[in-house]
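Reviewing the structure listed below.
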Amino acid sequence: MNWQLNRIHYPIYNLGEGRRIGIWVQGCNLVCEGCVSQTLWNKKGGDPISLLEIFNWVYSKRNEFDGITITGGEPFQQYEQLITFLHLIKTKTKLNIQCFSGYYLQELKEIYPDLLFLKYIDVLVDGRYIREQHDDANLVGSSNQTIYNIVENQVSVSKVIS
């Protein structure tokens, strides 16, 4: 199975705690006005990369990093690939997983009623970017976005930006 990605960058220190691997997925049809990642909107951009190849590379580097951050584009618009990758990471490593989504948590629960993402993601940052609510905070783009900590499928608000 291939995952359409724009880039993998490491190490990163500003999209989650510690030393991280950043994965930018390609494709987003939410098209938020003022988005800084408009080059990631086209789902045909980037490169198709084997999930197994990505996982094997991450696994080989697992002791060098604290976590993985998945952003985009919109990671949830490639749900099967996202969940497959998250399952491998969560069951084979101790890496923390943080994911950014333009969807709100409630939307994700409705779109993906299997709720598997709650099983694998440790930190979720949700919400569409709203230019009028731009925020210079490190983990959010606009003040409407919320940071959630997820422990054993239980969601708690880490920080509401408003």
Side-chain angles (χ1 to χ4, degrees), residues 1-32 34-103 105 108 112 116-129 134-142 145-152 155 158-159 161:
M1 174 187 306
N2 287 334
W3 200 5
Q4 196 72 18
L5 299 182
N6 182 273
R7 68 184 172 274
I8 297 174
H9 189 76
Y10 58 93
I12 60 170
Y13 299 94
N14 62 340
L15 294 176
E17 292 186 22
R19 183 180 168 99
R20 307 183 74 78
I21 298 168
I23 298 175
W24 279 260
V25 303
Q26 186 70 39
C28 180
N29 65 14
L30 297 177
V31 188
C32 299
C35 174
V36 297
S37 298
Q38 292 181 19
T39 58
L40 303 181
W41 288 357
N42 182 346
K43 67 181 180 180
K44 294 181 181 176
D47 295 299
I49 301 175
S50 162
L51 276 174
L52 193 54
E53 182 181 330
I54 299 165
F55 169 73
N56 285 336
W57 180 84
V58 170
Y59 187 80
S60 75
K61 304 288 186 191
R62 69 191 179 281
N63 295 323
E64 299 174 33
F65 295 93
D66 301 304
I68 295 175
T69 297
I70 302 171
T71 189
E74 176 50 56
F76 284 87
Q77 290 178 359
Q78 296 184 61
Y79 191 69
E80 184 177 355
Q81 293 88 339
L82 176 65
I83 292 301
T84 301
F85 182 73
L86 295 179
H87 170 78
L88 289 168
I89 295 299
K90 198 51 115 176
T91 59
K92 306 289 184 193
T93 77
K94 295 182 189 277
L95 293 170
N96 170 276
I97 298 171
Q98 180 158 333
C99 190
F100 287 79
S101 177
Y103 291 107
L105 178 58
L108 291 172
Y112 306 107
L116 285 173
F117 64 94
L118 293 177
K119 182 176 181 179
Y120 301 126
I121 294 173
D122 298 301
V123 178
L124 173 70
V125 180
D126 81 338
R128 286 165 186 68
Y129 174 75
H134 178 77
D135 195 318
D136 289 326
N138 190 28
L139 288 178
V140 298
S142 57
Q145 296 170 317
T146 303
I147 302 170
Y148 297 96
N149 286 318
I150 305 169
V151 179
E152 297 179 8
V155 179
S158 170
K159 186 173 183 183
I161 310 297

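FYI, side chains are in, hydrogens and waters are out, and symmetry mates aren't considered; it's all heavy atoms of this structure.
- A donor-acceptor pair is defined here as one N or O able to donate and one able to accept, closer than 3.5 Å; no such pair exists between the side chain of Q98 and the backbone of D122.
- Of all heavy-atom pairs between K44 and N42, the closest is N-OD1, 2.8 Å.
- Nearest heavy atom pair, residue W41 against residue C32, reads CZ2-O, 3.5 Å.
- Looking only at distances, no side-chain donor or acceptor of Q26 sits under 3.5 Å from a matching main-chain atom of G73.
- Closest non-hydrogen pair, G18 versus D66, comes out as CA-OD2, 3.3 Å.
- Under a cut-off of 6.0 angstrom, the local environment of OH in Y10 is sparse, with at most 12 non-hydrogen atoms contributed by other residues, nucleotides or ligands.
- In terms of the side-chain hydrogen bond (donor to acceptor under 3.5 Å, both in side chains) criterion, residue partners of N96 (sequence neighbours excluded) are, by chain and number, R20.
- In K90, the NZ atom is crowded: over 12 heavy atoms of neighbouring residues, nucleotides or ligands sit closer than 6.0 Å.
- Within the model, atoms CG of L5 and OG of S50 stand 10.5 Å from one another, a figure rounded to the nearest 0.5 Å.
- For the pair F100/E74, no side-chain contact is recorded, criterion being any heavy-atom separation below 4.5 Å from C-beta on.
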If you apply the rule side chain to side chain contact (heavy atoms under 4.5 Å, CB included), what do you find for I49 with W3, and how did you get there?
CA-CA 5 Å; I49 301 175; W3 200 5; 5.5 Å; no

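- Of all heavy-atom pairs spanning G22 and I12, the tightest one is CA-CD1, 3.5 Å.
- Judged by distance alone, the side chain of D126 and the main-chain N or O of L105 form a donor-acceptor pair under 3.5 Å.
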Under the criterion side chain to side chain contact (heavy atoms under 4.5 Å, CB included), I'd like the reasoning laid out for T93 against I68: C-alpha separation, chi angles, the key distance, then a yes or no.
CA-CA 11 Å; T93 77; I68 295 175; over 6 Å; no

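- Taking both residues in full, the closest heavy atoms of L95 and G67 are given as CD2-N, 3.7 Å, listed atom of the first, atom of the second, then distance.
- R19 places no side-chain N or O within 3.5 Å of a backbone atom of F65 that could act as its donor or acceptor partner.
- Under the 3.5 Å distance criterion, the side-chain polar atoms of T69 are left unmatched by any main-chain donor or acceptor of G16.
- Relative ring orientation between Y112 and F117 is described as perpendicular, the plane-to-plane angle rising above 60° on a 0-90° scale split at 30° and 60°.
- The shortest distance between side-chain heavy atoms of Y120 and I89 does not fall below 4.5 Å.
- In this structure, the side chain of Q4 does not engage the main chain of G27 through any donor-acceptor pair within 3.5 Å.
- At least one side-chain heavy atom of Q77 sits less than 4.5 Å from a side-chain heavy atom of L30.
- Remark: I70 CD1 to I21 CD1 distance equals 10.0 Å, nearest 0.5 Å.
- In this structure a side-chain-to-backbone donor-acceptor pair under 3.5 Å is missing from Q81 to L51.
- Heavy atoms only, all atoms of each residue included: I54 and I8 are closest at CG2-CD1, 4.3 Å.
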Let me see the working for I121 and Y148 under side chain to side chain contact (heavy atoms under 4.5 Å, CB included), right down to the final yes or no.
CA-CA 10 Å; I121 294 173; Y148 297 96; over 6 Å; no

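- Within a 6.0 Å radius of CD in E64, other residues, nucleotides and ligands contribute more than 12 heavy atoms.
- Shown here are the side chain to side chain contact (heavy atoms under 4.5 Å, CB included) partners of N56, two or more places apart in sequence or in another chain: L52.
- Within the model, atoms OG1 of T39 and CH2 of W24 stand 11.5 Å from one another, a figure rounded to the nearest 0.5 Å.
- Heavy atoms of other residues, nucleotides or ligands lying less than 6.0 angstrom from CD of Q38 number more than 12.
- Here the side chain of N6 pairs no donor or acceptor atom with the backbone of V25 at under 3.5 angstrom.
- The distance from the NZ atom of K119 to the OG1 atom of T91 is 9.0 Å, given to the nearest 0.5 Å.
- Between the S37 side chain and the L40 main chain, no donor and acceptor come within less than 3.5 Å of each other.
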